[in-house]
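Here's the structure, in structure tokens; my notes come after.
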Protein chains: 2
Amino acid sequence: MKPTDIPTRERIVTAASKLFYSAGIRAVSVDAVAEKAGLTKRTLYYHFASKDELIAAYLDGRDQPNLALFQRWFAEAEGGPAEKVAAIFTNLARAARQPKWKGCGFLRTAAELADMPGHPAIKTGIAHKKRVEGWLRDVLAEAGAASPEVLARQIVLLLDGAFAVVLLNRDASYMETAGAAASTLVKAALSAR
Amino acid sequence: MKPTDIPTRERIVTAASKLFYSAGIRAVSVDAVAEKAGLTKRTLYYHFASKDELIAAYLDGRDQPNLALFQRWFAEAEGGPAEKVAAIFTNLARAARQPKWKGCGFLRTAAELADMPGHPAIKTGIAHKKRVEGWLRDVLAEAGAASPEVLARQIVLLLDGAFAVVLLNRDASYMETAGAAASTLVKAALSAR
DNA sequence: TTGGAAACACTCACTAGTCGGTATACATAG
DNA sequence: CTATGTATACCGACTAGTGAGTGTTTCCAA
């Protein structure tokens, strides 16, 4: 493999990511991933021991970029913390109007693997949500909100609720309603001290 | 079939319901449903044209009982509307601590069938959530809350967020956090007029 | 020439759905 | 009161295809 090439492993994860996100874990075969990556299944199994490992790699690859996006939207928004939090929802609403959008990959995977609580992919999902929640807690504490732990959890609940409801109804306006609710809760927590 | 027997069709739906809810749609084969119902796949296909039809029947059977449960919890709770709404979450938290609990069947099915927006099962899910939202809107309007439409949507968002988050983390305390947030929003809407 | 990376060809279990046929019940015609 | 017809409910055995995962071989760069 020449250094200019995209490493095979990375190509597999990219292909898996697209397919798993768009159709779901169980609906996508390992053969399909291999074909999308432009190689044979046997080569895929040279790089990954099992489909489960591939699923975990798919979600691992989404953790950091997802969080970074939230942080960018928050940082770039005008106004106070309530407006900055609302901006995350506004940006998500815009993303959700794209036809390729299919909700939150972490939550959808957790829903699909609900009968395997110890699955590595679920652990990755938990870690991701914890990182989002922890980051929110920190910025809200810094902004002077009362009980930032509770507030961060409530915002995460609204976020994940919006993911689920918008996916079901295919109506991105729910994302904005969730943003308004989050905004209300942030304002209440700011005036409570 | 004697009148004392449970009708075959009903037995099939009951079996499908248990299996689909516990393991997910795609993880459960038609053979497995037939075996659980105590009959052959051929007989199952005598009563249902396809697996998709069976999936739809599974969710149809959950619509009415689920809503009735919410309504009972609301009606039996002490206190004002904020407390009654919170009671729904408290009762859900209790249910979520049971090991068999696997989140909301409608949302999990929607997540699994995210690439089939027109699927009958998804339509059933949309209708179910609309009924919950509509009922909440009516009782909140009657209680004198400001903008009951928005409030009902926000509560549904918290409900579905809690379903998703509790399922991921296997930590039912998120359900109570969501209840507290819903309570806060209801109180704000009651004092806003 | 050696060892990592890729491929071909395969196994075997399982999956949605189907073909043909059977047991029973209840008609109506002779 | 028998004989035939018809509809319901059921099942064993099958198909054609797909699923995850593997044994073995070939290629190629260092």
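Naming convention: chains lettered A, B, ... in sequence-line order (proteins, then strands); numbering from 1 in each chain.
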field: Any A:Thr43 side-chain nitrogen or oxygen under 4.0 Å from OP1 or OP2 of C:dA6
entry: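 Answer no for this pair, as no side-chain N or O of A:Thr43 is under 4.0 Å from OP1 or OP2.
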message: Does C:dA5 have OP1 or OP2 under 4.0 Å away from a side-chain N or O of A:Thr8?
response: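 No.
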query: Between B:Phe74 and B:Trp135, how do the two ring planes meet: parallel, tilted or perpendicular, split at 30° and 60°?
result: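 Correct class here is perpendicular.
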Identify every side-chain donor-acceptor pair in residues 163-172 of chain B under 3.5 Å, counting partners at least two apart or on other chains, and give the distances.
from     : atom 1 : to       : atom 2 : distance (Å)
B:Asn169 : ND2    : B:Val165 : O      : 3.1
B:Arg170 : NH1    : B:Trp101 : O      : 3.4
B:Arg170 : NH2    : A:Ala114 : O      : 2.9
B:Asp171 : OD1    : B:Ser173 : N      : 3.0
B:Asp171 : OD1    : B:Ser173 : OG     : 2.9
B:Asp171 : OD2    : B:Ser173 : OG     : 3.4

message: The criterion is side chain to side chain contact (heavy atoms under 4.5 Å, CB included); which residues satisfy it with A:Ala182, sequence neighbours excluded?
response: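 Result, side chain to side chain contact (heavy atoms under 4.5 Å, CB included) vs A:Ala182: A:Val85, A:Phe89, A:Ile155, A:Leu158.
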field: By side chain to side chain contact (heavy atoms under 4.5 Å, CB included) - contacts of A:Ala127 (at least two apart)
entry: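 A:Ala127 satisfies side chain to side chain contact (heavy atoms under 4.5 Å, CB included) with no residue once adjacent residues are dropped.
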Within this structure, what is the [atom1]-to-[atom2] distance between [X] and [N], rounded to whole angstrom?
| X | N | atom1 | atom2 | answer |
| --- | --- | --- | --- | --- |
| A:Glu10 | C:dA5 | CD | P | 15 Å |
| B:Arg9 | D:dC10 | CZ | C1' | 16 Å |
| A:Lys41 | C:dA9 | NZ | C1' | 11 Å |
| B:Asp31 | D:dG19 | CG | C1' | 14 Å |

field: Nucleic acid contacts of residues 18-29 of chain A, taken as heavy-atom distances under 4.0 Å to DNA chain D
entry: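 By residue number: A:Val28, A:Ser29.
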message: Within the 3.5 Å criterion, strictly below it, is a donor on A:Thr43 or A:Thr40 matched to an acceptor on the partner's side chain?
response: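 Present: a donor and an acceptor within the cut-off.
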Any donor-acceptor N/O pair, B:Glu35 side chain to B:Asp31 backbone, under 3.5 Å: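 Not confirmed, B:Glu35 side chain does not pair with B:Asp31 backbone.
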query: Has the side chain of A:Arg42 got a donor or acceptor atom sitting under 3.5 Å from an opposite partner on the base of D:dG23?
result: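 Result: at least one qualifying N/O pair found.
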Residue pairs, two or more places apart or on separate chains, that pass salt bridge (charged side-chain N to carboxylate O under 4.0 Å, His left out) and touch residues 118-139 of chain A: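 Listed by first then second residue: A:Asp63-A:Arg131, A:Lys129-A:Asp160, A:Glu133-A:Arg153.
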query: For residues 44-57 of chain B, which residues have at least one heavy atom under 4.0 Å from DNA chain C?
result: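 Only B:Tyr45, B:Ser50, B:Lys51 qualify.
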- prompt: Is B:Val150 reachable from A:Val186 through a run of I, L, V, M, F, W or Y residues, each pair having side-chain heavy atoms under 4.5 Å apart?
  reply: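 No, because A:Val186 and B:Val150 fall into different hydrophobic clusters, even though each may have its own neighbours under 4.5 Å.
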